[in-house]
Each structure stands twice: as C-alpha cells, then as structure tokens.
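Below: the structure, in structure tokens.
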Amino acid sequence: MKSSDLYQKALGLMPGGVSSPVRAIRPYPFYTRAGDGSRITTVDGEVLIDCCMAYGPLILGHAHPLIHQAITWQLSKGWLYGTPAPVEPEFAELIIRDHPGMDMIRFVSSGSEATMAAIRLARGFSGKQDIVKVEGGFHGAHDGVLVKAGSGATTHGVPDSAGVLPDVVSHTRQVPYNDPEALESLLSREDDIAAFIIEPVMGNIGPILPDDSYLRDVREITRAHDVLLIFDEVITGYRLGIGGAQVMFGVRPDITTLGKIIGGGLPIGAFGGRKEIMELISPAGPVYQAGTFSGNPLSLSAGMATVRWLHAHRGIYRVMEAWGAEIGEAVAGKTEGSFVRLGSMFKYFFRNRAPRTYLEAKECDTGKFGEFWTAMRKKGIFLPPSQFETNFLSAVHEDGDIGQIAAAYQACI
Ligand SMILES: *Cc1c(COP(=O)(O)O)cnc(C)c1O
C-alpha cells in the first residue's frame with residue numbers, strides 16, 4: 001500500500017492516524033519501509049537523507065550492525081525476565097561514570113517516565129510541593145509538565161491539554177529561558193519550590209542555546225535557595241558529547257534524566273542523581289517508582305552497545321560538529337532567518353535573529369518553514385516537520401550526505 005492509502009486506513013483506526021502527534025505531516029505522512037544508516041526508504045519508493053533520526057535517539061543511524069548484533073545476542077537469551085539481568089549494573093556503572101551529577105541511577109521505559117519520577121523524587125526529598133520549569137521546555141507528556149506559555153514568570157501555569165487539572169499545574173511555575181533574574185526573583189519570593197527542571201540546551205523548540213553563564217547562574221541560584229536542579233538531558237545526553245550538557249558546560253545538577261540515545265533506538269528512560277537523593281527511591285526508600293519493562297535487557301543491551309561505540313569513537317563528536325558547521329556555512333549569506341547549531345543539533349529559524357527564549361522562537365514564520373520543509377523533502381532531505389523540532393545528524397552520515405544537505409539548504413531558503 002502507498003503512504004496515502006495507509007494514512008487513509010489509519011485515520012479511521014487511530015486518532016489523527018498516528019501514534020504520536022508530530023508525525024501527522026500534511027497532507028499525509030510518508031510511511032517508512034526501512035532505514036539504513038543515514039537514509040530511510042518510504043513505502044512509495046523515495047529514499048531520503050534523514051536529519052530527524054527518530055527525534056534524537058539514532059545517533060548511530062538506522063540499523064547499525066553493532067546494535068543489531070547486541071539485540072540479536074540478547075534475543076537469543078530471552079528479552080524480558082522480571083528479574084534483574086547482568087546488563088543492568090554494567091550499563092549503570094558506565095552511565096554513572098560519564099555523568100558527574102549521578103551517583104546512582106534507575107532505569108525506566110521512557111523519557112516521560114523519567115521526568116515524572118524525577119519530579120516526584122525531588123518532592124519526596126525536599127518535602128516541598130511546587131516545581132519550576134522553563135517556558136517552552138518539554139519534559140514529556142505527563143500532567144505536571146504540560147504547561148507552556150505562562151503570561152509572566154510568576155503566573156501559575158495554565159494547562160496545555162484538555163484533561164489536565166488546573167489544580168495539578170498550579171504547582172508548576174514557569175520562567176523564561178536565559179533569564180537568571182526571573183529565576184532568582186521567583187525563588188526568593190516562594191518557599192515551597194522543590195525543584196527547577198530544565199533542558200540545559202532547549203531541544204524541543206530549537207535548539208535554543210544557553211547564554212554564556214546561564215547554566216552556571218542557574219546552578220548558583222538553585223543552590224542558594226535550596227531548590228534541587230534537574231537537568232533533563234533526554235536529548236542532550238550522549239548527544240552533545242560523553243556526559244552531555246553537564247560535562248560540556250561544567251555544571252553539576254542534583255538529578256539528571258536521560259532517554260533517547262541510551263536505548264540505542266529501543267524504548268528507554270533513566271534518572272539518576274546524588275546518592276542521598278536516589279536512596280529515597282523504592283525499595284531503598286519511601287518514594288515509589290516501578291515498571292514492568294524497567295531495565296529490560298533488550299533496551300539496555302542496545303543502549304550499552306551505542307554508548308560503548310561512542311566511547312570508542314569519541315572523535316565523532318568533533319566530526320559531527322564540523323558537519324553542522326558546513327551546513328551553517330552554506331546558509332551564512334541568507335538574511336531570511338538564522339542558523340543555530342551545537343554539535344550535531346541544528347536548526348534554521350525563520351526569524352532574523354536566533355531566538356533566546358520560547359517567546360522569541362514563537363515569532364518564527366512557520367508558514368515559510370512549511371514551504372522550506374516541502375522543498376527540502378523534494379530534494380531528498382527529511383527534516384523534522386516542525387519549525388520547533390531540532391534537526392539531528394548521526395555518526396553514520398557521510399561527507400556526501402552533508403554536501404547534499406548543505407546544497408539543499410542553500411537552494412531552499
Ligand atoms: C523526548 C523528550 C522527553 C520524553 O521522552 P519520551 O521517551 O518521548 O517519553 C523528555 N524530555 C526531553 C527533553 C525530551 O526531548
């Protein structure tokens with residue numbers, strides 16, 4: 001069946017025809033038959049260079065032979081036990097060693113689950129009720145974080161979704177990104193704030209990059225007010241480098257959440273932090289957290305193969321950085337918008353200056369982005385279909401791919 005037919009069928013069976021909203025490309029999404037390296041092949045026979053990489057997890061591209069091998073090996077021994085498996089402490093040790101903010105870790109099955117548990121843990125540890133998030137920051141699809149554009153730093157949140165209780169999000173405060181004064185002012189007025197949760201580099205509306213000292217300021221302010229700092233590194237973990245944003249920017253959070261890359265393309269999440277905090281997690285402590293699929297050996301094996309590969313090929317981060325720079329050079333003369341990149345994350349914003357906050361990002365011309373996206377697709381490049389989703393490169397993109405992507409950017413803007 002062709003993509004248009006599959007979508008017609010899906011529309012009657014699945015809300016919006018898709019399993020996750022961003023995939024509902026208009027007029028219909030293409031269906032992928034296979035992925036290989038940096039490319040996906042659609043059921044309609046198109047071959048596209050992928051700059052979406054499943055929204056971040058696939059840092060080694062599609063169907064990487066080493067991950068394939070790790071999964072196959074595990075499959076032959078069964079894939080879910082309901083008991084601990086040897087890969088858990090092994091992978092835990094590896095991740096903890098890479099992250100200065102982690103003494104202990106709990107594996108879960110998605111990034112949403114990780115942030116949900118991290119917030120509960122922060123409340124359990126501090127005995128305080130409220131949390132602060134960044135306007136436009138995305139931490140998954142659970143109630144307490146589904147709140148975006150407050151009208152000001154101090155307003156109580158308004159739910160982003162029907163079905164989310166105003167009572168629940170009234171415990172979620174917001175501050176603009178890159179605004180340490182707003183955070184300082186909120187924390188000095190309020191005394192019931194358990195944690196500040198932040199994507200150190202905003203990945204779900206960007207990338208939007210932190211100003212020079214922003215993350216260090218955030219660390220100092222939260223420490224001074226006895227508020228836990230949660231780095232949501234579900235995107236940035238192993239994406240910006242080994243140890244993610246906390247290593248790149250030299251800032252140690254109290255709790256870190258991970259996901260995406262650490263599953264090697266299979267479902268995963270994890271959260272970790274200081275020992276005294278993590279030891280409150282059940283069964284060691286009173287903060288309940290549990291999951292049938294938590295720490296499943298298949299996801300962990302795929303993730304560990306990925307992380308080991310990255311350790312063995314650390315130079316790849318410099319290579320990906322240079323690829324991003326090459327794409328940036330191709331659009332350097334364009335005045336239509338602004339090109340933002342960090343490592344293997346990049347985006348062209350249809351706003352003449354790079355956004356520093358959610359509200360600035362919202363000023364982008366999404367109509368122009370839509371036309372650009374379609375033109376890129378015709379040139380054989382698959383970008384995430386939203387002005388606000390980060391583009392990703394992988395370790396298995398090749399120089400030739402980057403040349404094609406750069407040429408397409410130059411031609412399509
Ligand atoms: C993707 C993402 C999540 C949610 O992870 P899922 O595995 O989709 O539940 C949470 N936080 C950030 C920063 C993310 O990018």
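In each ligand, atom 1 is the first atom listed, and ligand 1 is the first ligand listed.
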### Task
Would you sort out whether H225 and S188 count as a side chain to side chain donor-acceptor pair (under 3.5 Å), showing the intermediate values?
CA-CA 7 Å; H225 290 279; S188 48; 5.0 Å; no
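Ring pair Y28/Y7 is tilted by interplanar angle, where 30° to 60° counts as tilted. Using cut-offs of 30° and 60° for the angle between ring planes, the H313 and W309 rings count as parallel. Ring planes of Y409 and Y348: perpendicular class, angle over 60° (limits at 30 and 60°).
Listed by atom number, the atoms of ligand 1 under 4.0 Å from I235 heavy atoms are 15 (O). Interface of D232 with ligand 1, defined as ligand atoms under 4.0 Å from a residue heavy atom, comprises 10 (C), 11 (N), 12 (C), 13 (C). Near S110, meaning under 4.0 Å from one of its heavy atoms, ligand 1 places the atoms 7 (O), 9 (O). Of all atoms in ligand 1, numbered sequentially from 1 with element shown, those under 4.0 Å from a heavy atom of G140 are 4 (C), 10 (C). Heavy-atom proximity to E199, at under 4.0 Å, picks out these atoms of ligand 1: 13 (C). Within the listing of ligand 1, atoms 12 (C), 13 (C), 14 (C), 15 (O) sit less than 4.0 angstrom from a heavy atom of N204.
Applying the ring pair (Phe, Tyr, Trp, His ring centres under 6.0 Å) test between F382 and each of F392, F30, Y55 identifies F30 as the sole match.
Residues I402 and H397 have side chains in contact (heavy-atom distance under 4.5 Å, counting atoms from C-beta outward). Side-chain contact between F196 and V134 is present, with at least one heavy-atom pair separated by less than 4.5 Å.
Protein heavy atom nearest atom 4 (C) of ligand 1, with residue, atom name and distance: S112 N, 3.5 Å. Counting protein heavy atoms only, atom 3 (C) of ligand 1 is closest to V234 CG1, 3.8 Å. Annotation: atom 14 (C) of ligand 1 to nearest protein heavy atom, K260 NZ, 3.0 Å.
Of the heavy atoms in H139, only backbone atoms (N, CA, C, O) come closer than 4.0 Å to ligand 1. Of all the heavy atoms of E233, none lies under 4.0 Å from any atom of ligand 1, so neither backbone nor side chain is involved.
In this structure, atom 11 (N) of ligand 1 is in close contact with the protein, since a protein heavy atom lies within 4.0 Å of it.
For E113, the closest heavy-atom approach to ligand 1 does not fall below 4.0 Å.
A distance of 10.5 Å separates NZ in K77 from OG in S301, rounded to the nearest 0.5 Å.
The heavy atom nearest to atom 6 (P) of ligand 1, out of those in P57, G111, S109, G269, is found in G111.
With H139 contributing its side chain and V145 its backbone, the two residues share no donor-acceptor pair below 3.5 Å.
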